[in-house]
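Before any comments, here is the structure.
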Amino acid sequence: MQILVQENYFQMSEMAAYLLIEEINKILSIKPRCIVIFSAGKTPELTYELLRSKYKNKVAWHKLLVFQMDDYLGLNSNHHQSFSYYLLNRLIRPLNIQEYYLLNNEMGTQAWEMETYEKLIEQQEGIDLIVHGIGINGHLGFNEPGSHFKSKARVVDLADSTIQANSTNFESINEVPQKAMTLGLDILSKAKKTFLLASGKEKHFAVRSSLFEPMTEKMPASILQMCSNVKIVLDREACGWHKNENLPLVSEEIYNAICLDERLINHKKRQVVISKSVIPS
């Protein structure tokens, strides 16, 4: 696992976009297409904007096959708060991605439809690259606390904390759907390359708990500890382990033990590398 810390949200987004382009091109250099799952949400918005602008001509986007991670139940793709609408308008259409499979998030969606969708991903030999956000309660996708690490695609009840956090996107909390659909932690954890983006002080408890505390289904994102090829891209506010909040993040320096408490310094078994990285000029 590698954790890359940037000074602010803009720099975090710049780093994330650069690394995503680098990784997608690496995959396409050895495979005819790249199977990708993009998270929808506030955190990756600027990253995706950079993909549409700065990096639009840096990737053969038509060689991507995109699947969807999760969505609210009952909001169709024309609803501006549905995640399918988000993906279509922020990534798929602007980047001319031609192959994609979106979730059928109609209210009557059955369990067998979710199973079929997950099997379709498995038929592509799995996920090459996945981009995660993280909920304030540690959810991945809409796998809320208590989700089994071997959980499959399914319809779920949203946690109260998720409904409250997401209510800012709706006119009132009463408009936030109570149910959602999500790929399970089992298939999400098997991605060949995993990115997690987190920004803001409201995320630092979930980030620290997921990365440095023992794995637990009470904190779904802690499953990342057992995943291979994981990159975590954070801004300063999302870091929950600073001793000194005013410590400068100096470019080209290793973000080393001086920033960490003793418990994390000795946290060698997970082979965590924490660094302040700079995008090559």
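If you're wondering where the values come from, they're calculated on a predicted model, not measured in any experiment.
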Do [X] and [Y] have side-chain atoms, one donor and one acceptor, less than 3.5 Å apart?
X    : Y    : answer
E113 : N104 : yes
S147 : R154 : yes
T168 : K42  : yes
Q68  : D71  : yes

Exercise. Of Y117, Y100, F83, which meets ring-ring contact (aromatic ring centres under 6.0 Å, His included) against F67?
Worked result: Y117
Atom pair [atom1]/[atom2] of [X] and [Y] - distance to nearest 0.5 Å:
X    : Y    : atom1 : atom2 : value
S84  : L103 : OG    : CG    : 8.0 Å
I127 : C34  : CD1   : SG    : 11.0 Å
M226 : M215 : CE    : CE    : 5.5 Å
D70  : T182 : CG    : OG1   : 5.0 Å
S199 : I134 : OG    : CD1   : 12.5 Å
M15  : E7   : CE    : CD    : 13.0 Å

For this session: Give the ring-plane orientation class for H79 versus F170, where under 30° counts as parallel, over 60° as perpendicular and anything between as tilted.
Result: tilted
Exercise. Can you say whether the rings of F142 and Y72 are parallel (under 30°), tilted (30 to 60°) or perpendicular (over 60°)?
Worked result: tilted
With the side chain counted from C-beta on, respond yes when [X] and [Y] share a heavy-atom pair under 4.5 Å apart, and no when they do not.
X    : Y    : answer
S222 : F149 : yes
V36  : L65  : no
S151 : D186 : no
L75  : P177 : yes
L20  : L129 : yes
I232 : M1   : yes
T194 : V131 : no

Output yes when [X] and [Y] qualify as a salt bridge under the 4.0 Å nitrogen-oxygen rule, no when they do not.
X    : Y    : answer
E49  : R90  : no
E99  : R33  : yes
K193 : D128 : no

For this session: Carefully, step by step, assess E23 and K231 under the rule salt bridge (charged side-chain N to carboxylate O under 4.0 Å, His left out).
Result: CA-CA 11 Å; E23 191 60 37; K231 274 192 170 70; 5.4 Å; no
Answer yes or no: does atom [atom1] of [X] have more than 12 heavy-atom neighbours from other residues, nucleotides or ligands under 6.0 Å?
X    : atom1 : result
K63  : NZ    : no
K31  : NZ    : yes
D160 : CG    : no

Examine distances only and state if a side-chain atom of [X] and a backbone atom of [Y] form a donor-acceptor pair shorter than 3.5 Å.
X    : Y    : value
N143 : L140 : yes
N25  : K58  : yes
E237 : N8   : no
E118 : A153 : yes
N96  : W61  : no
Y9   : L46  : yes
K203 : G133 : no
Q6   : L234 : no

For the hydrophobic clusters of this structure (ILVMFWY residues joined by side-chain heavy atoms under 4.5 Å, transitively), does one cluster hold both [X] and [Y]?
X    : Y    : answer
V59  : F38  : yes
L211 : V5   : yes
L4   : L51  : yes
L158 : L185 : no
I136 : V156 : no

Exercise. Please walk me through it: do S82 and Y86 pass side-chain contact (heavy atoms from CB on, under 4.5 Å)?
Worked result: CA-CA 6 Å; S82 75; Y86 179 110; over 6 Å; no
Exercise. When you look at H132 and I130, which way does the side-chain contact (heavy atoms from CB on, under 4.5 Å) test go after all the steps?
Worked result: CA-CA 6 Å; H132 283 295; I130 190 165; 3.6 Å; yes
For this session: For side-chain contact (heavy atoms from CB on, under 4.5 Å), just list the numbers for L19 and F195, CA-CA rounded to whole Å, side-chain angles, deciding distance to a tenth of an Å, and then say yes or no.
Result: CA-CA 9 Å; L19 292 172; F195 284 86; 3.7 Å; yes
For this session: Check the pair M69 / L188 against side-chain contact (heavy atoms from CB on, under 4.5 Å), numbers first and verdict last.
Result: CA-CA 8 Å; M69 187 185 307; L188 295 179; 4.1 Å; yes
For this session: Compare every heavy atom of C227 with every heavy atom of S189, then report the nearest pair and how far apart it is.
Result: O-SG, 3.5 Å
For this session: List in chain and number order the residues that pass side chain to side chain contact (heavy atoms under 4.5 Å, CB included) with N137, two or more places apart in sequence or in another chain; answer none if no residue qualifies.
Result: H139, E144, P145, A159, S161, T162
